[in-house]
Amino acid sequence: MATGPPKMPRVNCAVCEASTSCLFTHLPIAERSPPNSLICHHTYAKGETIFRQGAEISGLYLLCHGKVKLARYTSRGQKQIVKFLKTGDLFGESGLLETGVASVYARALEESVVGWLSVGDFQELLKRKPPIALAIQRRLVQELDELRVRLTERSYSGTHERLVRLILQLGEKYGCRGDHGLVIDLKLTQVEIAGMLGDTREWVCKQMGALKSRGLIAYWRNNLVILDEAGLRQLIAPP
């Protein structure tokens with residue numbers, strides 16, 4: 001029987017720090033009480049699994065705070081990272097309309113607070129708050145657009161170009177400006193980067209070394225740092 005995360009003390013959606021990117025930011029503050037009363041919140045420790053690949057999903061997950069990785073194991077047992085999530089992102093869409101089976105697993109990359117809304121409560125909320133349905137549609141359209149771009153890049157771009165694009169995309173989504181450059185706040189291993197590109201760790205190691213020697217990237221406290229964003233963009237063809 002499918003179940004959601006254990007209940008924890010509720011987070012106030014009206015004052016949540018994720019409100020600028022959260023699905024419920026489309027509601028006036030005065031109208032955020034209904035979703036706040038329906039969402040179950042749970043805190044996951046770094047490295048803790050939120051749900052496993054193949055598990056039944058009977059609701060929608062919302063990352064209220066922290067970082068989460070979505071990944072999957074292929075039929076050959078190889079791990080592929082599908083996506084990194086940030087505060088305000090939705091996941092577990094297979095349980096959006098009815099109980100479904102997770103095609104990926106979700107794991108916390110740092111201590112994270114995750115909200116969970118059951119299918120029934122979510123459907124009722126959509127009926128009562130149409131702006132949320134519109135926001136969901138927009139996000140799904142955006143996801144489809146991003147998927148089309150990735151598929152096109154995989155078909156027509158070389159692996160080196162896809163590596164550079166990946167670094168730039170991670171910088172745009174997870175980059176923090178600092179004295180050392182644009183620090184990508186994800187401790188990615190070269191094995192994980194290789195899995196995202198469908199290539200080998202040895203190849204990634206060689207290419208990252210070349211970018212580092214040209215002064216385009218660096219590493220600081222195990223985080224990848226973009227030193228020269230303009231220089232990286234010169235290495236890729238226009239979209």
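In this structure the side chain of Leu109 reaches within 4.5 angstrom of the side chain of Phe84, judged on heavy atoms. Using a 4.5 Å heavy-atom threshold, the side chains of Phe91 and Val104 count as separate. For the pair Leu163 and Asp199, the minimum side-chain heavy-atom distance is 4.5 Å or more. Side-chain contact between Ile184 and Asn223: absent, with no pair of heavy atoms (C-beta onward) separated by less than 4.5 Å. Looking only at side-chain heavy atoms (C-beta outward), Leu170 and Leu224 stay at 4.5 Å or farther from each other. Leu60 places none of its side-chain heavy atoms less than 4.5 Å from the side chain of Val119. Contact of the Tyr219 side chain with the Met208 side chain is registered, since non-hydrogen atoms from C-beta on lie closer than 4.5 Å.
By the salt bridge (charged side-chain N to carboxylate O under 4.0 Å, His left out) test, Asp185 is found to be paired with Lys67, residues two or more places apart in sequence or in another chain being considered. Looking at residues two or more places apart in sequence or on another chain, you find no salt bridge (charged side-chain N to carboxylate O under 4.0 Å, His left out) involving Lys212.
Atom CG of Asn222 is separated from atom CG of Leu188 by 11.0 Å, given to the nearest 0.5 angstrom. Once rounded to the nearest 0.5 Å, the distance linking NZ of Lys79 with CZ of Arg72 reads 13.5 Å. Note that CG of Leu227 and CG of Leu182 are 9.5 Å apart. Values are rounded to the nearest 0.5 Å. In this structure, Lys206 NZ and Gln190 CD are separated by 13.5 Å, a value rounded to the nearest 0.5 Å. Once rounded to the nearest 0.5 Å, the distance linking SG of Cys64 with CG of Asp89 reads 11.5 Å. Atom CD1 in Ile167 sits 12.5 Å away from atom CZ in Arg162 (nearest 0.5 Å).
No more than 12 heavy atoms of other residues, nucleotides or ligands sit less than 6.0 Å from atom CD of Glu111.
The side chain to side chain contact (heavy atoms under 4.5 Å, CB included) test with Leu216 singles out one residue from Leu235, Val225, Ile226, and that residue is Leu235. Exactly one residue among Arg201, Lys69, Arg107 makes a salt bridge (charged side-chain N to carboxylate O under 4.0 Å, His left out) with Glu192. That residue is Lys69.
For Glu48 (side chain) and Ala45 (main-chain N/O), a donor-acceptor pair under 3.5 Å exists by modelled atom type. Between the side chain of Thr49 and the backbone N or O of Arg52 there is no donor-acceptor pair closer than 3.5 Å.
Contact record, Gly66 with Thr87: N-OG1, 3.5 Å, taken as the closest heavy-atom pair. Counting all heavy atoms, side chain and backbone alike, Ala108 lies closest to Tyr44 at CB-CB, 4.1 Å. Nearest approach of Ile39 to Gly115, heavy atoms of both residues: CG2-CA, 3.7 Å. Nearest heavy-atom pair, His160 versus Leu211, reported as atom, atom and distance to 0.1 Å: CE1-CD2, 4.3 Å. The two residues Lys83 and Lys173 come nearest to each other via the heavy atoms CE-NZ, 3.6 Å. The heavy-atom pair separating Ile57 from Ala102 by the smallest distance is CG1-CB, 3.7 Å.
When hydrophobic clusters are built by joining Ile, Leu, Val, Met, Phe, Trp and Tyr residues whose side-chain heavy atoms come closer than 4.5 Å, directly or via intermediates, Val183 is not grouped with Tyr174. Taking hydrophobic clusters as Ile, Leu, Val, Met, Phe, Trp and Tyr residues chained together by side-chain heavy-atom distances below 4.5 Å, Val164 shares a cluster with Val204.
Between Phe51 and Tyr61, the ring planes are tilted. Angles from 30° to 60° get that label.
Applying the salt bridge (Lys or Arg N to Asp or Glu O under 4.0 Å) test to pairs two or more places apart or on separate chains, those with a residue in residues 220-230 are Arg177-Glu229, Glu229-Arg233.
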Quiz item: Is there a side-chain contact (heavy atoms from CB on, under 4.5 Å) between Ile193 and Leu166 once you walk through the steps?
Solution: CA-CA 9 Å; Ile193 294 175; Leu166 174 61; 4.2 Å; yes
